[in-house]
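All remarks here apply to the structure that follows.
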Amino acid sequence: MSRLVGTLVIAAATTLCACSQKEAAKPETTKVAQSGAAGAAAGSLGSFDPVAHVAVVHGKDFSFDAPDSISAGWTTFRFVNDGPSLHHLQIIRLDSGKTVADFGPAMEAMNKNHTPPPAWIVDAGGPNAPNPTGESNASINMQPGNYVLLCFVDIPNHVPHFTKGMIRPLKVTAATGTAASEPTADVTLGLADYAFNVQGQLTAGKHTFKVVNNGPQAHEVELFRLAPGKTMKDFNAFVQNAYAGKAEGPPPVDALGGIAAENPGTTEYFTADLIPGNYVLLCFVPDAKDGKAHIEHGMVKEFKVS
Ligand SMILES: [Cu+2]
C-alpha cells in the first residue's frame, strides 16, 4: 500500500518550515503509555476534550500519541506532526465487530493478493499531512465503534509507517453531553473519479473546506502550497529524484493538510489559511482498478491565491 507516494518524499528533505506550532492548552485527559525509554516528549500527549469535542493526536517517528477513547458526534481532530518525517492521520472504521487484531492480517492478505479491502474496513478520513512540526485538522461526525489510526506514509525505505508502529486503536463510545454542531464551510470540494470540483472563492485568508466524496471510489485531498517560482513539474521532478535517491535542496511545496481517504458518501471539514501563492489539490489514493495513484489519473487541481 503506497498511499501518499508523492507526499512521502517531502520528509526526505531536511528543511521544511514550521507553519503552525501553536498548541492551545487543553486538558490532557489521556496519558499515553510509552514503550520506549524516552517516553513522550512534554506537550506531545494525545487528549480528548469531551466538552469542546476536540481530539488531539500527535504523530512522530514512529508512533501516535492519541486518546484511547472518545465519544460520538461531530469531533475536531487536531493532528500535530512532531516529526522529523512526514506523517498523516488516516482514520479507519472497523465494522462487523472487527478489531485492530483483525486489521493486520486483512492488510497482509490485501497486499499479497492485490485485492480490495473487505467491506468492514471503512475509510473514515482524518487530517491529512501537514509539514513536519506543523499541524492539520479534520472535523468528522464520528459514529460509535472500533477504529484504527494509521500512517500510510512509507519513507524511509518504502516501509509504510503503520508497520513501524504508527497504528493505534481508537474506541468511539455513545454520544454524551452537548453535541458539537457541524461546521459551516465557505468552500466546497467535491471529490470524484478523477477530479476536484471547487465551489466558493479561494481567496487569501482562513477558509473552512467542506470535502464531499461523490465517489464511486474512496478519495482524499492533500493541499500543497508550491514554493515561490515552483510548478507541478518541479514537484514531479522532485518526487522522481527522491525515488532515485537524488533529492537535493528543500522540497518545492509546503504541506497544509486536507482530508485523508474517505469513503464515497462521506462529508468532512478542514480549515486552512491561504496566503498569496500557487496551490495544488492532490489525491494519492491507489485506484481500485489499476492500483495507480489517482494523481496519475489526473486527480490534480492547481489554483492561485492573489
Ligand atoms: Cu508516518
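Each ligand, and each atom within it, is numbered from 1 in the order the structure gives. Please read all numbers here as calculations on a predicted model, not as lab measurements.
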Backbone N or O of K98 within a donor-acceptor pair of the S96 side chain at under 3.5 Å?
no
Any donor-acceptor N or O pair under 3.5 Å, side chains N146, T99
no
Would the distance check show the side chain of N128 and the main-chain N or O of I259 forming a donor-acceptor pair, the cut-off being under 3.5 Å?
yes
Salt-bridge contact D287-K292 (side-chain N to carboxylate O under 4.0 Å):
no
To the Cu ion (ligand 1), the closest N, O or S atom belonging to H161 is ND1
Under 2.8 Å from the Cu ion (ligand 1), is there any N, O or S atom belonging to H88?
no
Looking at H87, which of its N, O or S atoms is the nearest one to the Cu ion (ligand 1)?
ND1
